[in-house]
Amino acid sequence: MTLLVADLRAFVAAVRKELRQVRRYPTLLLSILFWPVLLPTAWVLMGRAYSGNDPQALEAFAQRAGSPQVAGFVFVGYAMYMWLSTLLWGPGTALRTEQVRGSLEAVFLTPASRLVPLFGPGAANILPASLNFVVMGVALWLLFGFVPTFQATLWTLVIIVLGVPAMYAIGALFAASVLRFGEVGPVVQLVRGIFVLACGITFPVAMLPGWAQVSAWLLPPTYIVEDIRRVLLQGAGPADVTEHVILVLAMAVITAAAAAMVFRALETSARRTGMLSRF
Amino acid sequence: MTAPAVETKDLVKVFERGRRTIWQRLRREPDRRERFSAVDGIDLRVETGEIFGLLGPNGAGKTTTMKMLATLLIPTSGSIRVLGIDPLERPRDVRARLGAMLSGERSLYWKLTARENLEYFAALYHVSPNQTRARIERALAAVNLSDRADDYVERYSTGMRQRLALARALLPDPPLVILDEPTVGLDPQASRDLRDRVRELRAQGRTVLLTTHYMEEADQLCDRVAIIDHGRIVALDTPAALKRTIRAEEVVHLELGIDGDDRTVLEHLGRMATVARSERTNGTLAVTAHCASARDFVPAAFDAARSAGATIRHVEVVPVTLEDVFLSLTGRALRE
Ligand SMILES: Nc1ncnc2c1ncn2[C@@H]1O[C@H](COP(=O)(O)OP(=O)(O)OP(=O)(O)O)[C@@H](O)[C@H]1O
Ligand SMILES: [Mg+2]
């Protein structure tokens with residue numbers, strides 16, 4: 001029991017250390033303000049150019065997307081994209097940097113649980129990610145005059161919070177795998193690209209071919225995006241999304257377990273081959 | 001009787017050289033990687049309270065040995081006891097009691113202050129919250145960094161970072177400290193300073209096991225030294241006893257200018273002293289000779305050179321060092 005307490009304290013220390021480091025790279029904050037507004041706005045304008053605000057075109061969109069709110073649709077998708085980006089870059093880069101410079105080895109010298117360095121960096125990225133949501137909400141209101149009801153906002157927040165473990169676990173799984181591949185950048189681009197295509201970030205999942213739709217529904221972000229759109233844009237209530245939320249939580253457990261397993265396998269292999277720090 | 005601080009029996013670590021591509025794996029081709037023993041049967045016994053040194057050239061297997069003690073590597077075979085504990089069976093217990101400094105300054109967080117670094121690692125070492133402050137202060141004081149504790153590590157000198165890495169190793173208040181090349185890359189002043197810190201550790205009753213490829217360091221700092229080469233211990237004793245194994249009082253380095261064959265002159269010199277090493281580069285012959293008295297040997301060497309048609313360009317007389325011990329054991333210099 002005391003061991004668990006000690007490890008929890010180590011975990012808190014890891015998050016704190018990570019936050020301190022993030023705070024000292026202030027350019028990161030700039031990207032939190034800039035990209036979340038710029039990218040989705042470009043898509044919305046593009047959509048407007050195509051439709052020419054033709055009611056028939058908007059109707060076609062509403063049919064597939066479930067709501068005529070183009071701006072809201074795209075912004076919700078992009079919020080997910082930004083969140084995912086933060087969780088892929090943050091923990092992946094943090095763990096990889098530690099590996100390269102040798103501090104991961106120093107961490108492995110301590111009796112702390114291996115879950116601490118694995119999940120610590122992700123926790124630190126939740127704060128900047130949640131800032132993203134605020135910024136995008138404000139932009140949606142100021143640029144496109146979209147104001148959701150209080151209820152819808154509340155349920156959106158609940159879905160986001162309950163989705164945190166799943167997103168967080170994806171970040172950890174990614175970070176653990178990155179240790180094996182070595183490079184963070186190209187792998188982030190690839191994985192992020194897959195998510196953009198599969199999870200209905202800028203277009204409805206219904207536009208995908210059948211087999212791709214099946215795999216899309218194996219990825220937690222697909223559900224989270226879909227559910228947020230339902231409550232925010234289509235006026236759905238909590239009962240309509242409960243099933244999804246439970247599913248996403250279950251996926252979080254599985255993903256987190258997979259991350260821990262990959263990390264453990266990597267450590268064991270490193271202890272055999274001595275390749276922890278050299279790739 | 002207490003258990004020795006470190007004990008290894010027939011410790012072996014086999015590595016694979018080269019790489020096996022995914023393609024080869026997929027096609028299930030036989031593994032053609034060359035296997036070699038980086039550590040090849042090491043028996044060590046480090047007693048409580050001593051400073052024990054592993055001295056050896058690059059690639060001798062020092063780091064590999066340390067990593068096995070520190071639970072970072074799993075041995076291929078052999079047994080290890082660290083403070084009486086088997087690191088294979090109870091790695092977490094070993095980690096909790098061992099202060100290890102392996103990768104040094106680079107393994108710190110440069111964007112944090114020294115204190116913030118230590119706070120993080122104190123938590124990882126499971127130091128209880130009410131002890132953390134005191135533990136950190138003590139570790140900082142032990143490496144003379146108390147007054148710079150709140151500076152960012154990126155503003156530190158290499159020597160300071162190395163000392164901070166040592167402070168981190170002291171956080172668990174370890175009875176045993178292992179240091180891998182603690183002074184590598186430091187200027188002489190900083191090295192001396194770090195060696196003083198290590199001596200203080202012994203004075204506090206801790207056992208220190210360190211590796212080095214600086215023979216002066218092993219000589220000045222260590223109570224006992226194991227000379228290690230190609231993964232094997234080739235000699236193990238106190239520095240003084242090791243130097244006594246060379247039957248010579250003094251070592252003479254000669255540099256001769258010579259045109260023709262150097263066999264005659266080496267033969268002449270060999271009659272008066274032990275030629276430990278000779279190296280010919282074009283018209284220059286460098287000789288290291290072990291002799292009883294340089295005052296007798298050097299004039300005789302001049303005569304011998306003249307009669308063989310060579311000229312002595314440079315003479316240097318030095319006391320016997322561990323370098324000479326290594327040379328006489330392996331026929332090679334420590335640093336090549
Ligand atoms: N992970 C590894 N995989 C394959 N070979 C390795 C690995 N680690 C070390 N070696 C090899 O094992 C041998 C011993 O290496 P080691 O790092 O233990 O030497 P060392 O005595 O610490 O040398 P140095 O003074 O250069 O630090 C070297 O030939 C090295 O190339
Ligand atoms: Mg080494």
Side-chain angles (χ1 to χ4, degrees), chain A residues 1-28 94 97-118 120-121 124 180-181 264 267-279, chain B residues 13-16 19 33 38 63-64 66-76 87-88 90-113 116-129 132 152 154 165 168-169 171-172 174 178:
Chain A
M1 206 60 218
T2 46
L3 191 64
L4 185 65
V5 173
D7 268 337
L8 282 177
R9 248 195 318 262
F11 185 79
V12 172
V15 177
R16 205 160 145 216
K17 173 217 99 190
E18 210 60 45
L19 282 174
R20 276 173 169 159
Q21 283 187 307
V22 171
R23 207 175 54 206
R24 278 160 206 170
Y25 291 100
T27 44
L28 224 71
T97 314
E98 297 226 8
Q99 175 193 31
V100 170
R101 61 178 351 188
S103 47
L104 190 60
E105 196 173 82
V107 171
F108 279 162
L109 283 171
T110 72
S113 160
R114 273 45 182 151
L115 300 180
V116 170
L118 176 60
R180 200 88 196 80
F181 295 122
R264 172 160 290 262
E267 193 205 353
T268 309
S269 131
R271 287 179 72 200
R272 272 220 183 84
T273 62
M275 294 305 262
L276 183 65
S277 50
R278 302 178 232 190
F279 278 82
Chain B
K13 180 68 197 176
V14 174
F15 281 129
E16 272 136 13
R19 46 179 296 180
R33 280 172 299 183
T63 301
T64 306
M66 296 299 240
K67 285 190 172 173
M68 287 192 280
L69 299 178
T71 76
L72 288 183
L73 275 178
I74 299 172
T76 308
L88 276 182
R90 293 160 57 200
R92 278 186 111 168
D93 290 338
V94 169
R95 290 173 194 143
R97 287 167 183 76
L98 177 71
M101 174 177 136
L102 297 185
S103 39
E105 48 132 12
R106 272 172 43 78
S107 65
L108 297 157
Y109 300 101
W110 290 27
K111 287 274 169 204
L112 301 183
T113 67
E116 288 168 346
N117 265 285
L118 294 181
E119 278 170 7
Y120 172 51
F121 279 100
L124 290 184
Y125 275 112
H126 292 166
V127 177
S128 76
T132 299
Y152 288 127
E154 61 185 353
R168 174 176 65 194
L171 284 174
I178 68 176

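Heavy-atom basis, side chains included; hydrogens, waters and symmetry copies ignored. Protein chains get the first letters and strands the later ones, always in sequence-line order, with residue 1 at the start of each.
Heavy-atom pairs under 4.5 Å with chain B were tallied for Thr268(A), Asp7(A), Val116(A), Thr97(A); the largest tally goes to Asp7(A). Residue with the most contacts toward chain A among Gly99(B), Ser128(B), Pro129(B), Ala165(B): Pro129(B) (heavy-atom pairs, distance under 4.5 Å). Between chain B and the options Ala112(A), Pro117(A), Ser113(A), heavy-atom pairs under 4.5 Å are most frequent for Ala112(A).
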- request: May I have the step-by-step check of side-chain contact (heavy atoms from CB on, under 4.5 Å) for Tyr120(B) and Val107(A), ending in yes or no?
  value: CA-CA 10 Å; Tyr120(B) 172 51; Val107(A) 171; 3.9 Å; yes
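Using a 4.5 Å heavy-atom threshold, the side chains of Ser103(B) and Arg101(A) count as separate. His126(B) has its side chain out of reach of Thr110(A): every pair of non-hydrogen atoms, C-beta onward, lies at least 4.5 Å apart. Under the 4.5 Å side-chain criterion, counting only non-hydrogen atoms from C-beta, Glu16(B) is not in contact with Thr273(A).
Evaluated for a salt bridge (charged side-chain N to carboxylate O under 4.0 Å, His left out) with Glu119(B), the options Arg9(A), Lys17(A), Arg20(A) yield exactly one hit, Arg20(A). Each of Leu72(B), Val94(B), Thr71(B), Leu98(B) was scored for a side-chain contact (heavy atoms from CB on, under 4.5 Å) with Leu109(A), with one residue passing: Leu72(B).
Using a 4.5 Å cut-off between heavy atoms, Phe15(B) contacts chain A through its side chain alone, with no backbone atom that close. Proximity to chain A is limited to the side chain of Arg168(B), based on heavy atoms less than 4.5 angstrom apart. Heavy atoms of Leu73(B) lying under 4.5 Å from chain A belong to its backbone as well as its side chain. Using a 4.5 Å cut-off between heavy atoms, Val12(A) makes no contact with chain B at all.
The two atoms that bring Pro111(A) and Tyr125(B) nearest to each other are CD-CD2, 3.5 Å, heavy atoms only. Ser103(A) approaches Ser107(B) most closely through the heavy-atom pair CB-O, 3.2 Å.
Glu98(A) contributes atom CD, which lies 3.0 Å from atom OH of Tyr109(B) (distance to the nearest 0.5 angstrom).
For Arg271(A) (side chain) and Ile74(B) (main-chain N/O), no donor-acceptor pair under 3.5 Å exists by modelled atom type.
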